[in-house]
Student: 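Got a structure for you, written out below as structure tokens; questions coming shortly.
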Amino acid sequence: MKFDSPATENPIDRLQVVGKPLDRIDGPMKACGKAPYAYERHDVAPNAAYGYIVHAGIAKGRIVSMDLAEARRAPGVITIVTAENAGKLGKGKRNTAPLLGGPDIAHYHQAVALVVAETFEQARAAANLVRVKYDARPGAFDLQNARTNAVKPKSEEADTAVGNFIEAFGKAPVKLDAVYTTPDQSHAMMEPHASLAAWDGDKVTVWTANQMIDWGRQDMAATLGIPKEKVRIISPFIGGGFGGKLFLRAESLLAVLGARAAKRPVKVALARPMMINNTTHRPATIQRIRIGSTPDGKITAIGHESWSGDLPGGQPETAVQQTRLLYAGANRMTAMRLATLDLPEGNAMRAPGEAPGLMALEIAIDEMAEKLRMDPIAFRIANDTQVDPEHPQRPYSQRRLAECLRMGAERFGWSARKPQPGAVRDGQWLVGMGVAAAFRNNLVMTSGARVRLDKSGMAIVETDMTDIGTGSYTIIAQTAAEMLGLPIEKVAVRLGDSAYPVSAGSGGQWGGNSSTAGVYAACVKLREAIAKRAGLNPADAVFANGQVSSAGRAVPLASIVSDGELVGEDKMEYGDLDKKYQQSTFGGHFVEVGVDAATGEIRVRRMLAVCAAGRILNPKSARSQVIGAMTMGVGAALMEELAIDKRRGFFVNHDLAGYEVPVHADIPHQEVIFLDEVDPMSSPMKAKGVGELGICGVGAAVANAIYNASGVRVRQYPITLDKVLAGMGGSAL
Ligand code: MOS
């Protein structure tokens, strides 16, 4: 089915099941331990051996020699896989550096060997007996230094320009020119990367934790040099991803290679302290923002440049993305420059681009509002646009940013905010409020599904879509239930298996809308088949209350299939509506903080997000997504930073003791409001993404609240109390 004109009224609009705040259908299984993660699949391979990865101890250089003799003699050891004995390996197109290094080393903790043994402890002990001699070479580990030889990345949109930015900025009566930095960050999802691989002849099955089943399958096949059909990836339950599990990673490839060498199933998990340097991370940025305005607050010039780094062949962090779209202004420019760094691979983490980009832009907007003596909400609304500012003939499909900000201001009690920093005190606490706009593009991706109706009237949905903790199972069940007129209990959902139709997968907040649209398409096919089998006219058949009816005749779905099953399979594909209309999601983040007047300690006191993201398919799971993202935004604002050892080139705080994220005690009550909205340009579901919108802007709202509380403007994230104290200059307010 192709979606190429605005959605008209359809069965989803009845909202009998879709749009309801239903509990997760996989919740009871999760709570009862019946939703096993990859490493827990004892049932499928009871004789699995254990693999432990040897990780490179240098960031750049070569392996001179590898002595495996002692490790081979260690108790329980079955085999050791290295680049020398693994056979010829290709590279998946989504991997920057080889997943199994040697002799060349691309980054610290790159896998260089897998020791396979009878038990985990034996594999780990033997891995420590592998002697590797390196010839270490100097590498580039410091973005500030590497920035000077940064180049224009290959993407065609590395530079954008409209009007004459330099001239307009030069002439602007009110202007800001400031530099902001965001650090390297780690996904730090709860479930570490883990895989179990088993060969059957020339076919391999991998139970793993992967957000994008078909990408993983393609890249595994390409790395092994075998046809995609010989690889099966199974990933039904995933303990978080945030982008860290978008791609094939080393533990998965090594489980497969280990199983081939050991001639039995092998499971490999990345221990927590190995995850951070072995896998991907969100790259640090340096961002320069220039804004020029008329004295009454109309932006005339807006410019955003961003520098980031990656391994050779890598990509930039697209931190300027939102600045091309968020505010009006006749003269504009953006630019991205990419430096070569020899740190581990940089890649997508929740809302790549916008999340770090808004951390800078939305402080800059706050700073401009102050220069203009305008309320920061009024300044944002004054520069709102209903069209893509680079292509004014291109409208937004929906854009209710101003409404999000106005409603948020009212609900949050914004009118009580004092524009003068340091004006509100509550005992030892200096109290302030901050706001930021939220913005994240909505992407639509082809997605397929198969829906089967069985004899009992049960509908079974199969798609390789994943649920990374987001609620995919539930919204997919809601979609099928709505389309077939069934209660949700009569729908079963099977996900995360490459044997099922290829879906959009979970990434870039496209999964919710795209995967359910694929289920919609499959259900359209199944409805036709059901109507025909019932002898009803498919064109006017109505599916409701567990039956299909037409022309005064109703047939229960449970009586349609007497033998076998009826199957509907299709995928939703997209035309060019996303080119004709800019599709984005919007919101307003409101934060109140307290800053300790003596110590600079920062406590978040209240948070509110108002989101406009099309139809909300399940307000309960959507709210969970947004409050999780708001929490992650607080981490980005106040805590998260991968500290780099700039001599040896690795992230030093590579565990959850050193890499700090918010805990319950850091997070106050959070409120989330969804505007009542449908977006007919997105899909027949009329929904958009929301899981990444929730983090976009939060960091800046926290930063702006800290400024309003204390008068200290910190432009280098994370905003730790040492930076606040330095700003307060000991002059206790
Ligand atoms: Mo998202 S960073 O595309 O999982």
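Scope of the values below: all heavy atoms of this structure, side chains included, with no hydrogens, waters or symmetry mates. One is the number of the first residue; the rest follow in order along the sequence. Indexing begins at 1, ligand by ligand and atom by atom, following the structure's order.
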Student: At under 4.0 Å between heavy atoms, which part of Gln509 makes contact with ligand 1: side chain, backbone, both or neither?
Tutor: neither

Student: Less than 3.5 Å between some nitrogen or oxygen of Gly508 and one of ligand 1, yes or no?
Tutor: yes

Student: Should you measure from each heavy atom of Pro352, which atoms of ligand 1 turn up under 4.0 Å away?
Tutor: 2 (S)

Student: Under 3.5 Å between any N/O of Gly243 and any N/O of ligand 1: does that happen in this structure?
Tutor: yes

Student: Give the residue, atom name and distance (to 0.1 Å) of the protein heavy atom nearest atom 4 (O) of ligand 1.
Tutor: Gln211 NE2, 2.8 Å

Student: Atom CD of Gln110 and atom CG of Leu99: how far apart are they, to the nearest 0.5 Å?
Tutor: 8.0 Å

Student: Below 4.0 angstrom from a heavy atom of Gly507, which ligand 1 atoms are there? Numbered from 1 as shown, please.
Tutor: 1 (Mo), 3 (O), 4 (O)

Student: Taking Cys696's backbone N and O only, do any of them form a donor-acceptor pair with His589's side chain (distance below 3.5 Å, no angle check)?
Tutor: yes

Student: Ignoring hydrogens, what is the shortest heavy-atom contact between Ile53 and Ala111? Give both atom names and the distance.
Tutor: CG2-CB, 3.5 Å

Student: Is it true that the side chains of Gln287 and Ser306 contain a donor and an acceptor less than 3.5 Å apart?
Tutor: no

Student: Can you tell me if Asn95 uses its side chain to pair, donor with acceptor, with the backbone of Leu248 under 3.5 Å?
Tutor: yes

Student: Looking only at atom types and distance, does a side-chain atom of Thr466 sit under 3.5 Å from a main-chain N or O of Ile468, one as donor and one as acceptor?
Tutor: no

Student: Provide the number and element of each atom of ligand 1 under 4.0 Å from a heavy atom of Met349.
Tutor: 2 (S)

Student: Between the side chain of Arg217 and the main-chain N/O of Lys228, is any donor-acceptor distance below 3.5 Å?
Tutor: yes

Student: For atom 1 (Mo) of ligand 1, tell me which residue out of Glu692, Lys245, Arg350 has the closest non-hydrogen atom.
Tutor: Glu692

Student: Examine Ser506 against ligand 1 and note whether any of their N/O atoms are separated by less than 3.5 Å.
Tutor: no

Student: Suppose I only count heavy atoms of Ala348 and a 4.0 Å limit; which atoms of ligand 1 are within that range?
Tutor: 2 (S)

